[in-house]
Protein chains: 2
Amino acid sequence: MAEKITSLQVAERAGVSQSAVSRVFTPGASVSKKTEDKVRKAAAELGYRPNVLARAMVSGKSRIIGLVVAYLDNYFYPEALEILSNDLQERGYHVLVFMASQTAGNIDGVVEEILDYQVDGIVTASVAMSSDLSQRCAQAKVPVVHFNRFQDGDGVSFVTSDNFQGGRELAQFLVAGEHKKIAYIAGWEGASTQRDREAGFRAGLDEFGQKLFAREVGEFDVDHARAAAHAMFNVDANDRPDAVFVANDYMAFAVMDELRFGLDLKIPDDVSVVGFDDVPPAAWRAYDLTTMRQRANLMVAETVETLMAHIENPSSAKTRKISIAAPLIVRGSARLPKNWPPVKG
Amino acid sequence: MAEKITSLQVAERAGVSQSAVSRVFTPGASVSKKTEDKVRKAAAELGYRPNVLARAMVSGKSRIIGLVVAYLDNYFYPEALEILSNDLQERGYHVLVFMASQTAGNIDGVVEEILDYQVDGIVTASVAMSSDLSQRCAQAKVPVVHFNRFQDGDGVSFVTSDNFQGGRELAQFLVAGEHKKIAYIAGWEGASTQRDREAGFRAGLDEFGQKLFAREVGEFDVDHARAAAHAMFNVDANDRPDAVFVANDYMAFAVMDELRFGLDLKIPDDVSVVGFDDVPPAAWRAYDLTTMRQRANLMVAETVETLMAHIENPSSAKTRKISIAAPLIVRGSARLPKNWPPVKG
DNA sequence: ATGAAAGCGCTAACAA
DNA sequence: TTGTTAGCGCTTTCAT
């Protein structure tokens, strides 16, 4: 009943020094073939594996990345988490998950906890942290990347979709589709994604000679979104929008349900609906939602690259502020412009 | 620019010994109020926080729980993960995520990696591991709980829904609804959830005087499920099932889409559909799926309890094999039995 | 109640 | 290439 095999026990069995064992398990260390063989043999027999924590203590590298995430009910996040975890795993890192509710104090507390684990880096998914805390991370030399959140300031990196341009394109698309009463259902107003999407949407409408016909707030929450849809559409047919951009897909599904089943409207005949994210259910036939695709794989790849750059090069790596183009995914939930798709050239 | 504050620095500033500092941060250690105050003050000024890894080394408790999960696209898992992470966080533990694909070799490798982190426990979500590996965990004294997976053998704990009884109830419900041609679309046959649900379903049909009218395999995969539905229903009306139990909700959505949009069938008029899991989209009006609810919160609670029992009491804690009743959630995707709901008494 | 001292299992100089 | 030595930051006896 072997309990806990240490490098020392392996060393004894192999008849070498303990450091020899360490070197065998340290990529790029100098060991002779002969020693290596002896050590590997002894290690295999004993079932030895290096203790990552002990290694972390002395090397200062834990190979743990802390992930702060507020909720997993918007299916964009599970998707991102899966990709992130896989990407990091390939590089020998692992994700330590910290759930944090939206309130700022809580998040700061959670980040402190993360730091206690001596993580090599932190990814915050859709949560903001105080600049105070950002500084603590900076001085602890732990790189932070904000995923799907724009964050102002010097020392902070982030990766987002180009939410502004995404909103703008949606406006263009709806105007081209000859909608005349275009509305917006907002997400939680504290979120940069919400702000940027709305700003871009408004800018686009403006650019194409329209302005917002109606606006409600859905808070990135299903119940709020449903209520917002009800308030917006349960009115005289004349006062009813003929198109609505819902700030993310997750809310858009609730809105579509309310429109179709609550108010008996036809999509897209009576009203066009567009969303943002392109989470898997958007492609399900029951919704078939026209939306902007957040390219989770690219976003994660940039997040990981940024992290690695800082980890491998703590001093010289620059903070990155990355914005990734979101392609318009045209499906059936919004009336198409005439002559769609546009012919190139 | 403070870099890394150690207990020693705090001790010096507070004018006490390093062990005094340690004791202040060790619940239940004996320190005088006076020392504690001095230490806390110094710690606060320096921004000191104990290094969890160093603590883990000496105490042997990392307060990390390893989670192995194969995929996050069945939305039951993100839900469970969120609850698990929150539950553990409240007890001072955190979740280290390991993604593993379904193949056995891979999973064993992943579990080895987990062990390297000196985790205090392991949760496997819907993946099986070799009994070989189970033994390694046992001898490393790391408790393992299989979540949503039945596992045979002595040393292993698991928590599942009562999948057999769930399948049986679904059969009963469909028979009571006067369906005469009841079919089944299976999940991945390597999964105990699949096996138990099917066995229960067949047992139920048998019990109520019917047998399976048709069967296809969906592999817990959307594309397979869609193809299975097509193969099963794209036939003469007489040969077409009038009800189908799809082994989980995730596949059921694809099946419903195929039936409605691919084959122009009405649900539940032409065919009843029931699923298993009760993931959030099952409640969305567009699907409104009758299904068995997996009570994620209860399942997670039992998982955590089992883990804690073993961690706090390594020798005496017994392995637990827990099966949680899954209630039938009746919605609109299946024709109701006459006189529904049944009157009690 | 407190300090001194001994490690937890490992890596990283430094010599040899 | 290899062994020796010195810690990483902490908890935990053991004295006092």
Side-chain angles (χ1 to χ4, degrees), chain A residues 2-40 42-43 46-64 92 115-120 140-142, chain B residues 2-40 42-43 46-64 92 115-120 140-142:
Chain A
E3 175 101 5
K4 218 82 179 186
I5 312 301
T6 70
S7 58
L8 188 61
Q9 301 174 49
V10 177
E12 280 165 4
R13 181 171 190 118
V16 299
S17 77
Q18 183 270 329
S19 9
V21 178
S22 170
R23 281 192 273 261
V24 169
F25 288 93
T26 304
S30 93
V31 236
S32 70
K33 178 92 176 64
K34 229 178 85 183
T35 334
E36 164 142 23
D37 288 347
K38 284 193 294 188
V39 170
R40 290 222 181 273
L46 262 29
Y48 168 78
R49 309 208 97 217
N51 180 330
V52 175
L53 265 33
R55 174 179 287 174
M57 274 219 62
V58 45
S59 71
K61 315 269 82 194
S62 63
R63 304 196 82 83
I64 296 176
L115 260 11
D116 297 347
Y117 279 88
Q118 313 301 116
V119 295
D120 291 345
K141 300 215 186 305
V142 176
Chain B
E3 174 102 3
K4 218 81 175 185
I5 311 300
T6 71
S7 57
L8 187 61
Q9 301 174 48
V10 176
E12 280 164 2
R13 180 168 189 121
V16 298
S17 77
Q18 183 269 329
S19 7
V21 177
S22 170
R23 281 193 272 261
V24 169
F25 288 92
T26 304
S30 95
V31 237
S32 70
K33 179 90 176 65
K34 227 177 91 184
T35 328
E36 164 143 22
D37 287 347
K38 282 192 295 188
V39 169
R40 290 223 181 273
L46 261 30
Y48 168 78
R49 310 206 96 216
N51 180 330
V52 175
L53 264 36
R55 174 178 288 175
M57 274 218 60
V58 45
S59 70
K61 315 267 81 194
S62 63
R63 305 197 80 83
I64 296 177
L115 259 12
D116 297 348
Y117 279 89
Q118 312 301 115
V119 295
D120 291 345
K141 301 214 188 303
V142 177

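Residue numbers start from 1 in every chain, and the chains themselves are labelled A, B, ... in the order their sequence lines are given, proteins ahead of strands. Hydrogens, waters and symmetry mates are skipped; everything else that's a heavy atom, side chains included, is used.
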Interatomic distance, L53(A) atom CG to R55(B) atom CZ [nearest 0.5 angstrom]: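 One finds 13.0 Å between CG of L53(A) and CZ of R55(B).
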Atom-to-atom span, [atom1] of [X] to [atom2] of [N] - whole angstrom:
X	N	atom1	atom2	answer
K61(B)	dC8(C)	NZ	C1'	14 Å
R49(B)	dC10(D)	CZ	C1'	16 Å
R55(A)	dG9(D)	CZ	C1'	19 Å
M57(A)	dA12(C)	CE	P	13 Å
I5(A)	dC8(C)	CD1	C1'	15 Å
L53(B)	dC8(D)	CG	C1'	11 Å
Q118(B)	dG9(D)	CD	P	19 Å
L8(A)	dG9(C)	CG	C1'	9 Å

Sugar-phosphate, base or nothing in reach of F25(A), heavy atoms under 4.0 Å: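 If one applies the 4.0 Å heavy-atom cut-off, F25(A) turns out to touch nothing in the nucleic acid.
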Sugar-phosphate only, base, or nothing, as touched by S22(B) at under 4.0 Å among non-hydrogen atoms: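 Base contact.
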Nucleotide nearest P50(B) (side chain, heavy atoms from C-beta), chosen from dC10(D), dC10(C), dG9(D):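 The answer is dC10(D).
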Candidates dA12(C), dC8(D), dC10(D) - which lies nearest the side chain of S59(A):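 Within the option list, the nearest is dA12(C).
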Residues which pass side chain to side chain donor-acceptor pair (under 3.5 Å) with S32(B), listed by chain and number, not counting sequence neighbours: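 Listed in chain order: T35(B).
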How close do [X] and [Y] get, heavy atom to heavy atom, and via which atoms?
X	Y	result
R63(A)	D120(A)	N-OD2, 2.7 Å
S62(A)	A56(A)	CA-CB, 3.6 Å
A14(A)	A42(A)	CB-CB, 3.8 Å

With V52(B) via side chain to side chain contact (heavy atoms under 4.5 Å, CB included) - residues at least two apart: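 Expected list: D116(A), Y117(A).
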Any Y117(B) side-chain nitrogen or oxygen under 4.0 Å from OP1 or OP2 of dG9(C):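 Result: no.
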R40(B) vs Y48(B) side-chain heavy atoms within contact, under 4.5 Å: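 Sidechains of Y48(B) and R40(B): no contact.
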Check nucleotides 2-6 of chain D against the protein and report each pair of N or O atoms closer than 3.5 Å, with its distance, or say if there are none.
| residue | atom | partner | partner atom | Å |
| --- | --- | --- | --- | --- |
| dT2(D) | OP1 | S32(A) | OG | 2.6 |
| dT2(D) | OP1 | T35(A) | OG1 | 2.4 |
| dT2(D) | OP2 | S32(A) | N | 2.8 |
| dT2(D) | OP2 | S32(A) | OG | 3.1 |
| dT2(D) | OP2 | T35(A) | OG1 | 2.6 |
| dG3(D) | OP2 | S17(A) | N | 3.1 |
| dG3(D) | OP2 | S17(A) | OG | 3.0 |
| dG3(D) | N7 | R23(A) | NH2 | 2.6 |
| dG3(D) | O6 | R23(A) | NH1 | 3.3 |
| dT4(D) | O4 | S19(A) | OG | 3.1 |

